[in-house]
Every structure is written in structure tokens, then in C-alpha cells.
Amino acid sequence: MTGSNDRIGSSTVGVSTPAVELSGITKAFPGVIANDRISLRALRGEVLCLLGENGAGKSTLMSILSGLYQPDAGSIRIDGREVRIGSPRDGRELGIGMVYQHLSLIPTLTVLENLMLGSNPGIVLDEVRARARLGDLAARLGVHVDADVRVGALSLGQQQHVEIIKALWKDSTVLILDEPTSMLTPQGIEELQKVLLGLKASGLAIIFITHKLHEAIAIGDRVVALRQGRVVGELGPEVLRTGTPHEIQGRIVEVMFGEDPTRGPQIAELREDLAAERSDARTRLEGSPEILRLDGVSAPGARGQHGIEGATFVVREGEVLGVAGVDGNGQRALAEAIAGQRRSSVGTIHLGGEEVTNLSVGARQRLGLRYVTDDRLHEGVVGRYAVGLNFVLKRIGDEPFWRKGTIDRKAIETTARSLITEFDVRTPSPATPIGKLSGGNIQKALLARELSFDPRVVVFHKPTHGLDVKTIAAVRDRIRALAARGVGVIVISTDLDELIDLSDRVAVLFAGRIVGVVENGPQAATRIGELLVGGEAAA
Amino acid sequence: MVDLLSPTFLTAVLAAGIVAGIPLLFASLGETLAEQAGVLNVGLEGMMISGAFVAFVTALAVGDYWIGLLAGGIAGAVVSLVMVVFCIRLGLDQIVVGIALVLTAEGATSVLHDIWYSRSYPRLPNVEPFRIPLLSEIPVLGGSLFSQPLVVYVALAGVAFAAWAIRRTRWGLELRAAGERPDSLDAAGVSVVRTRTVAELMCGFLAGVGGGYLALVGAGTFVPFVTHGAGFIAIVIAMLARGRPWWCVLGGLLFGISLSITTALQVAGIAIPVDFVEMLPFISVLVVLVLFVRESRLPSALGLPYLRGSR
Ligand SMILES: Nc1ncnc2c1ncn2[C@@H]1O[C@H](COP(=O)(O)OP(=O)(O)OP(=O)(O)O)[C@@H](O)[C@H]1O
Ligand SMILES: [Mg+2]
């Protein structure tokens, strides 16, 4: 018997028996086959990276393994024994711990309460035991976690640690992480990688979903690529450990997309000369008129995040202004102040020479201002509405979609179809509720909406968050094309590479203040890095 | 004219306030449980009036008010099954179903009352208060606070238990999670539907007991629409209590007293139009809402149906 006692670090289960073996897993949703006869194995002491474009079926597959969804067909073996995982609880009893793509902790509960949820054996909460277990696991991860703070008050990186501790709570042998790094700072990512390598050494099987190739190479022992619900390729350690990172990334892209990586849109991670490409910016923008101007704009923060104080800058037509900063330093306040969703307490905002400080969101939109929010699930779209309706959500009452007060479904559908093709939104039909799309495809739909209908200034907040490499490349191309057409663009991002790739200038936000503006160029990354950590030093 | 500040008068107002406040306490405690689990139980008034009617019928037949209250509670729970089936299981809109429930329950109880009692208008005998020795001798307070029907003390013990259970038991933790992030609760391996069902049934039971108390102890009889908006006031109390049962006691008392002052002013023959005086409880609701509305942070998933897999 391979009972549940001999888990971590045990040698009673042969090295050759995979911790997890999926065979022929199939799962269909209305209009799509999310998983099509997928077979996969994960070994102890190994990190398996699952890659694939948006909507490839990664999250679905892992939700099946964790017990959240039931497969239509196929079988699952854990430590060689065939099992049926009827619910997440079954999954955890079998030693499968999962960290979901969208954080699943409850912000209003304390860390301890979150950990006890679903795992407290008796009727009365056993805080003493939970506290001890938390201490053990935190020590094993090498992190410090305060048991009694509310989760909402923690940074995303700390929340991620709590998520992992929760996933390991029941002596898990398999740890699944669905895009755990997409919300973390570079330091947070580094820390997470260290934690995972430690856990791997202790004998866990880890399945890691990511869109970032360099992460896959840094911590993955094996890479499996999915496309349209099928396994389309696998790379073993022999490939991942030989050659330059650049070559390996090329190989991964090849299996992911089944094509020569040099064709099609250029994938940013594969390019080495990002900064150089933008250094011609100064000459190009000389004499270009201002399109957006902020003078001493201050706006309050919300939910424990920084507001902004005295933001002053100009964006010219055709310029891409990057805004760098660690999450929570006022990004949201800045974006919302420009969009008109948050009243600025002092200062003025001009759009193309016209003062818009006191205009409503709608009025600013009619003047050509667009805002692509980072909170796509809640604020960006209405999940229950069809994709098509979401496209025209901000044009309610306007021709040609509304005629004499009634919806013109034909017009909406025609527009929807062309946007879906243009932006490569993977959806069964324009009538599918948008909430059913995969994370990346919701983002594409949101972009499609904001970039259509003649924008003059677009504010992007983390525009490529959660997108696959190819889509990232396509989105960035679009942003560049937008600028080339004379639109003023602001890109707020925590991803420094992205800002270097896109921006003409990069403003650095620290504790609600803009502490410096750096011209993009060879030394820009270093300079921005200094401002990011030093903050006040440069002000 | 009665002396408004005489001890007898104050005792009477306070005692009547408690009598009027207890149904609010029961119902708002129930609503608190449902809301913590994410169910906005707009049908509370319907559960109360059903409880009031069934409790009255039962007490009349059996002659025991404990059995009457129990029957009222069961009736409330049965009515809440409608919410369970349509809102929690099938995911229909909680507000729509809740309103339908109130209208149906009010209509049905009125019709049944007309058929059975419209000639006789039977009344129940007064309920004997339970005098706590010594304490009940204290002037003003003693005669009101410590000389109440036994069920009042049972209710307070229930509040203490609920306050403890919400914070300290697995059930309470799951309840709060169901109202805040049902998907997380599901991912943690606990059934959202079951958690919400249990909370809703408890809410129905408590509202039914509250309605029963109102009929048996407060009014001593059942007349159509006897709850008179108490269910809606209880919803407001629950929203302000934000999951803290002791606040339901406070809210119940506050609104109970404003109800009893209404009656007292009428008895005292103060020259204010009756319609004005009768508005007093609702005006105090408005005042409290305006003063404390910022405080009323509700569970994030309140009123939202949860169906697994629909993101
Ligand atoms: N609950 C659901 N209902 C209907 N369709 C769904 C549901 N969940 C997923 N899908 C569909 O299944 C497909 C796979 O989705 P999944 O979320 O697994 O993709 P993914 O690989 O995780 O993508 P991403 O990288 O964007 O997160 C998508 O086409 C998606 O629209
Ligand atoms: Mg996913």
C-alpha cells in the first residue's frame, strides 16, 4: 500500500511511479473543447511547466486534477492508483494542493481563518493547532507570515505565500500553481522561485503554469505545451539544460505555436536589443503637440493603496509614456484620475488643450480618452453579458448600435465579429457570456473595445497581464501602431521589460509621487531600477 | 393626562419596548445569519407573518405557547424553503423571490384568517412573565428588564451562542466565507449550497419564532398584517449589525422602544396626529440609516447566486 503516511521525501513509492498520471482527459464546455484527450505525468522532485496560449485549456486541466471540475472522459492516477476526484476536498485528501489563477483567499478573514477554512477537523476552530501548523509550513517555505492580520492587508507576494501554505496544508504531494507570478513583483517572483526549488528538493511534484518563458527555463525540469486543448509538445531536461536561454526559448515557442519563432509577430522575450530600438524616440517626437497634460494632480487612494500627489507630466501625440512602479504605489489612483473615475482633489488635467478636470467619465470618453483597466473581471467587463454586448457597452444609446432607443443586434454582431477576428479573441461565438472566456481572452476583448472607435489618448494599466507570449507581442504591436497614428499612450506596468520595450519615456511612481522621468535608452533600465528602490533619493 | 416621566409610565414603555423588540431581535438575528452566508433575505416579513399565523393557530389549539412558538419557527423555516429552492439552488434573483414571498404570505394568512376567525376574533391569555428573583425588584428597570417571559432570556442566550459560533466555530467561518467569496469556499472543499441552505433555514426558523412571539406575546392574537413592517425593520437592523449578534439586541431594543413610545404617546393622548406618531419607528429607521449607512459594510457576495463553474 502506498498510504498517505509516506509522503514527502519517502522512498517507498518508486521513483518511476509518477505522482500524477492523467490519461485521455477530455472536457467540453458549451461551444469549446477545453481539454481534448490530454495525457500528462508529473514526477516527484520535479517541476513540470505547463505552457500554452490563452484558452489552451491549462486552467481547466488543473481544475480537473484538483477536483473542481469533473472530466467528461479520461482517468487520473495518483501514485499509480486510479482515483476519482469528485470535489476539491477529495483532491486535497489525495494530497493535491492548488493555487488558483485568481487568488482564492478571502480578504476580510485573517490569515489563520483562511487557513482553517475547509481544513478544521472539529466543530470548534482549533486555533492552537492551526497556528503551529502555520509556523511549521512557513519555516519550511522560509517565509514569515503573521497569523492574525487580515489577508486583504497583505501584499500580493505575501498573499501568494499564504496560498501556497494553504495548498500544502494537508501534506500535499502535488502542488499546482496557476500563473502564480503574474501579479508578483520581480523580488516576489525571485522569492517564489526559491520557495519552489526548496519544495521540489523535499520531494514534491510541482506543476507550474506560466506564460513567461524565462521562468519556465529557470525552474522547470520539463515543459509541456498545450494548444487548443491538446498536448502539442514536450521538452525534457536534456533540452532545457543545454544551449543559451535564448535558444531554449526559441525551442519552447516552436513547440507552443508549431512554427518558426522568427516569423509572425516578434516575441519580446526573444529580442535582445529592446532599448536600442526606442532610442530614436527623441527625434521622432520633437515638435509633436501635447495631447495630455497633468498639472499638480492629487487624488486619494482607496483600499489601503497609495493615492497620487502632485502628478505633473505631459504626453505628446504619438508618444508612449511608461509608468513604472511596484504595485500599490498609486498606479490605480493615477489611471482613474485621468479616466475621470476618481475626482482629483487639486490640480488640472488638459486633453488636447481643453480642460477636462471636472468632466465626467463619459464626457472624457467622447473626447477620445480611453482607459484599459487592470481589474478586468470586475470593472472591465460584465461577465454575464455576451462578448458582443461588452464591446459596445460604453456606447450605449449611440448609433449605429442603438436606433431609436432599441438595440440593433445586427450592427452589434457585425462589429463584434470583425473585432473578434481582428483581435484574435478565442470565443465560441459573439453571443457567449464574456465571463466564460479564459483569462487572456477576456483581456483581448477588453482591448478590442477600448482601441476601437478612434481614441486620442489611451491609458493602459497592465495591458499584457496574463497574456501568452504571442498575444503579448500582438498587443504591444498594437500599442506601437496606436502611437504611430498619433495617439498619446500611457502604459502603467510593473513589468520593466515591457516598459523598456514600449516607452519613449518612463516615469517612476513611488509612494504616490512621480520621483523621476527617464528617457528610454541604453542605460534606462538601470536608472529606473535605482529610482524604483531608492524612491526619494532622486526626487 | 398621564405623567410622561413617572416611573410607572417609563417601566411600561420600557417593558413594551422589549416586547416589541424581541420579534425584531429574532428576525434580525436570523437575517444576520442569512446575510453572512450571502443570502439577502428580503422575504423576512413573509416568514414572520407565516410564523405569527401558525404560532397563533397552534397555541390556540394546544394551549401552550412554547409549542406555538416552535410551530411558528417551523412554519418560517418551511416558507424559507422557497428561497432555498429558487435562489440558492436555482440561482434566481433573491430580491424578486423575496418580495413575491412577502406578498404571498401576507395574502395567504389574511385569507385564512378571514375564513377561520373573522367572526370570532379569538384572543390568547396573557403570558406569565418570569420574574428573576431580586433583580426584578429594582425600580423602573426591574419591572421591565428582569420580568419578561422566559423565552426572552432564552433568546439572549441564543444571541450569546450565535456571537460565539460565528467567530469561533467551523460553521461560522464557513458562513462568513459563503457570503464573502463563495468560490473560495467551494475551492476549499465546502459546499456553498449546503452552507447557505442551513443559514437560510435557520433564518426562516428564527423569523418564524419572532413572528410567533409578536402574535402570542405582543398582540395576544393574530390579525392580518400584524407584523406591520417589522420584517423590513429587522433587515435594516441586520445590515447595521454587520454580523455581530449583540448589535441585533441593541437594534431590536432601539426600534422596539420607538414602537412602544408610539403606542404610549397615543395612550397618553398627546395632541399629535396619529399618522405622525405611527411614522415614528420608520423615521427612526431613516435617521439611523442616514447616520450609520457608511458603517454598513455588507458581505461582498450578498445577494449574488452561486453556481459552480459560472465565472
Ligand atoms: N466555466 C466555463 N464555462 C465555459 N467555458 C469555459 C469555462 N472555463 C473555461 N472555459 C473555456 O475553456 C477554454 C480553456 O480555458 P482555460 O481557462 O482552461 O484556458 P487557459 O489555458 O487557462 O488560458 P489562460 O492562459 O488565458 O488562463 C477556453 O476556451 C474557455 O473559454
Ligand atoms: Mg488560465
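Chain letters run A, B, ... following the sequence lines, proteins first, then strands; residues in each count from 1.
- Around the CZ atom of A:R343, the shell of radius 6.0 Å holds more than 12 heavy atoms that belong to other residues, nucleotides or ligands.
- Remark: the backbone N or O of B:D186 is not paired with any side-chain donor or acceptor of A:R89 at under 3.5 angstrom.
- Both the backbone and the side chain of A:L117 come within contact range of chain B, judged by heavy atoms closer than 4.5 Å.
- Chain B forms the most heavy-atom pairs under 4.5 Å with one residue out of A:G118, A:G91, A:S66, A:S119, and that residue is A:G118.
- Every residue was checked against the side-chain hydrogen bond (donor to acceptor under 3.5 Å, both in side chains) condition with B:E31, not counting sequence neighbours, and none meets it.
- If you measure heavy-atom distances from A:P433 to chain B, you find no contacts under 4.5 Å at all.
- In this structure, CZ in B:R167 is found 6.5 Å from CD in A:E113, a value given to the nearest 0.5 Å.
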- Message: Would B:L173 and A:N120 count as a side chain to side chain contact (heavy atoms under 4.5 Å, CB included) here? Give the steps.
- Response: CA-CA 10 Å; B:L173 184 58; A:N120 192 71; 6.0 Å; no
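- Here A:I106 contributes atom CD1 and B:R181 contributes atom CZ; the two are 7.5 Å apart, rounded to the nearest 0.5 Å.
- Remark: side-chain polar atoms of B:R170 are not paired, donor with acceptor, to backbone N or O of A:V124 under 3.5 angstrom.
- Within 6.0 Å of CD1 on A:I33 lie no more than 12 heavy atoms contributed by other residues, nucleotides or ligands.
- In this structure, A:I123 places its CD1 atom where only 12 or fewer heavy-atom neighbours from other residues, nucleotides or ligands lie under 6.0 Å away.
- With a 4.5 angstrom heavy-atom cutoff, B:R176 touches chain A only via side-chain atoms.
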